[in-house]
Amino acid sequence: MRTVRTINRSLWSLATLGALLFPTAHAQAGGFGQPIPWEMSRQIPVTENAKDILSFEIGLHWLSLAISVFVLGLILWCIFRFGEKRNPTPSRTTHNTAIEVAWTIVPVLILVAVAIPSFRLLRTQLSDPKADMIVKVIGHAWYWSYEYPQTEAGGGFTFDANIDEDKQPRLLQTDNEMVVPVGKIVKIQVTAADVLHSWAMPSFGFKIDAVPGRLNQMWFKADKEGTFHGQCSELCGQRHAYMPIVVRVVSEQTYADWLKEAKTKYARIDTGTSFAEAR
């Protein structure tokens, strides 16, 4: 009986290792706009920033795997080559200039190789392209408010987005959605009315803190239509887990129609409300 249990335990261990090394396509791929069961990768990216983050992450994984395999090989080689039976008289060498130079230079080169794409990604994230539209996001305890400024295309209204626990996917839906057009540069100005929050959208590849008394800014350009889900990612209080974010990316015509409908559906922003200038 003990032998059978040992064999079963070994088989389960091998199966787990195989699942980690060779995941199935369903488990490896992320969901489109929302998480899926047994997801092992990021959600399908729909912005250039999210795609760059995914490529950078995959590259780091391969680099980590190569380093781990190399170090494991060195350990196994040392165990085999310098064991007591094969090396009864161990060397008393204490210094090796070539090895010491190598293990100093190689890590530096690895860090440089990681830093270059990392800085390139940060430059993209922190760039300030000309905005096609702007939306102000305000975090509350515990829901989100969205303000669309008055422009030639429409706007001049605000609305709240509270969790709707009757919709699916559960705990990721809201009664109202933020709507933006596909292929347009959207700038998000984020702040908070009470405590710290964080507006996070995995499919867009960014999250931005909502800080009371401070206006943070981020931008994205979605290249696919669809409904995308996120959540508050800053521990903000009792109902932190019930602050979902829903962004619906639609065609330009659908967005124009939505602006007209929202104009009558939602209350107008007070004339005293102002937005930071977005170019």
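Computed from a predicted structure; not experimentally measured.
With sequence neighbours excluded, no residue satisfies ring-ring contact (aromatic ring centres under 6.0 Å, His included) with H229.
When atom types are taken as modelled, the side chain of E234 and the backbone of C236 share no donor-acceptor pair closer than 3.5 angstrom. For the pair T264 (side chain) and E261 (backbone), a donor-acceptor distance under 3.5 Å is present. A donor-acceptor pair under 3.5 Å is formed between the side chain of T174 and the backbone N or O of N176. In this structure a side-chain-to-backbone donor-acceptor pair under 3.5 Å is missing from N216 to V190. A donor-acceptor contact shorter than 3.5 Å is absent between the side chain of T191 and the backbone of P212. At distances below 3.5 Å, at least one donor-acceptor pair connects side-chain atoms of E39 with backbone N or O atoms of I36. Remark: side-chain polar atoms of Q43 are paired, donor with acceptor, to backbone N or O of Q34 under 3.5 angstrom.
No hydrogens or angles considered: a donor-acceptor pair under 3.5 Å links the side chains of Q253 and D257. Using a 3.5 Å distance cut-off with no hydrogens or angles, the side chains of Q150 and K263 do pair a donor with an acceptor. Side-chain contact, T254 with S251: a donor N or O sits under 3.5 Å from an acceptor N or O.
In this structure, K260 places its NZ atom where only 12 or fewer heavy-atom neighbours from other residues, nucleotides or ligands lie under 6.0 Å away. Summarising the local packing, CZ of F70 is surrounded by 12 or fewer heavy atoms from other residues, nucleotides or ligands at distances under 6.0 Å. Within 6.0 Å of atom CD in Q238, 12 or fewer heavy atoms from other residues, nucleotides or ligands are found, so the atom counts as exposed in its surroundings. By the 6.0 Å contact criterion, CD on E57 is enclosed, its count of non-hydrogen atoms from other residues, nucleotides or ligands being greater than 12.
Annotation: the span from L111 atom CG to I116 atom CD1 amounts to 11.5 Å, rounded to 0.5 Å. The CZ atom of F80 sits 11.5 Å away from atom NZ of K85, with the distance rounded to the nearest 0.5 Å. A distance of 6.0 Å separates CG of D52 from OG1 of T124, quoted to the nearest 0.5 Å. Interatomic distance, L215 CG to K136 NZ, rounded to the nearest 0.5 Å: 6.0 Å. Taken from NZ in K207 to SG in C232, the straight-line distance is 9.5 Å, to the nearest 0.5 Å. How far CD of Q217 is from CG of D128: 6.0 Å, rounded to the nearest 0.5 Å.
Side-chain contact check for V246 versus M178: every heavy-atom pair is 4.5 Å or farther apart. Between T47 and S203, the closest side-chain pair of non-hydrogen atoms is not below 4.5 Å. When side chains are defined from C-beta on, F159 does not count as touching D175, because their heavy atoms never get closer than 4.5 Å. Within the 4.5 Å cutoff, side-chain heavy atoms of V247 are placed close to those of M201. The side-chain heavy atoms of V211 and L196, taken from C-beta on, include a pair separated by under 4.5 Å. With contacts defined as side-chain heavy-atom distances shorter than 4.5 Å, the pair D132/K187 does not qualify. Between V114 and L60 the shortest side-chain heavy-atom distance falls below 4.5 Å. Between D160 and N162, the closest side-chain pair of non-hydrogen atoms falls below 4.5 Å.
Following chains of ILVMFWY side-chain contacts shorter than 4.5 Å, one can reach V46 starting from V250, so the two form part of one hydrophobic cluster. Both Y266 and I245 are assigned to one and the same hydrophobic cluster, defined by single-linkage of ILVMFWY side chains at heavy-atom distances under 4.5 Å. In terms of hydrophobic clustering, with Ile, Leu, Val, Met, Phe, Trp and Tyr side chains grouped at heavy-atom distances under 4.5 Å, W62 and L54 are assigned to a common cluster. Hydrophobic cluster membership differs between I138 and M243, with clusters built from Ile, Leu, Val, Met, Phe, Trp and Tyr side chains linked at under 4.5 angstrom. Taking hydrophobic clusters as Ile, Leu, Val, Met, Phe, Trp and Tyr residues chained together by side-chain heavy-atom distances below 4.5 Å, I163 does not share a cluster with L235.
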Verdict with reasoning, Y148 to T158, per side chain to side chain contact (heavy atoms under 4.5 Å, CB included): CA-CA 6 Å; Y148 284 69; T158 181; over 6 Å; no
Worked check of side-chain hydrogen bond (donor to acceptor under 3.5 Å, both in side chains) between S198 and D209: CA-CA 4 Å; S198 187; D209 290 339; 3.2 Å; yes
Stepwise side chain to side chain contact (heavy atoms under 4.5 Å, CB included) check, W142 with H197: CA-CA 9 Å; W142 289 272; H197 302 280; 4.3 Å; yes
Stepwise side chain to side chain contact (heavy atoms under 4.5 Å, CB included) test for Q125 and I53: CA-CA 10 Å; Q125 293 175 343; I53 290 175; 3.7 Å; yes
R248 vs E225, salt bridge (Lys or Arg N to Asp or Glu O under 4.0 Å): CA-CA, chis, key distance, verdict: CA-CA 8 Å; R248 184 156 54 94; E225 296 183 29; over 6 Å; no
Candidate pair K184 and E252, rule side chain to side chain contact (heavy atoms under 4.5 Å, CB included), full reasoning: CA-CA 9 Å; K184 297 295 184 179; E252 290 189 52; 3.5 Å; yes
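The shortest non-hydrogen separation linking K224 to V249 is O-CG1, 3.4 Å. Of all heavy-atom pairs between A161 and Y146, the closest is CB-CE1, 3.6 Å. In this structure, Y255 and M133 approach most closely via the heavy-atom pair OH-CE, 3.1 Å. When every heavy atom of A210 is checked against every heavy atom of A192, the shortest pair comes out as O-CB, 3.4 Å. The two atoms that bring F56 and S118 nearest to each other are CZ-CB, 3.8 Å, heavy atoms only.
A salt bridge links K51 and D223; the closest N-O separation between the charged side-chain nitrogens and carboxylate oxygens is under 4.0 Å.
Ring centers of F206 and W219: at least 6.0 Å apart, outside the cut-off. The aromatic ring centres of F32 and F228 sit less than 6.0 Å apart.
Under the 30°/60° scheme for interplanar angles, the aromatic rings of F157 and W258 are found to stand perpendicular. Between F220 and F204, the angle of the ring planes stays under 30°, which puts this pair in the parallel group of the 30/60° scheme.
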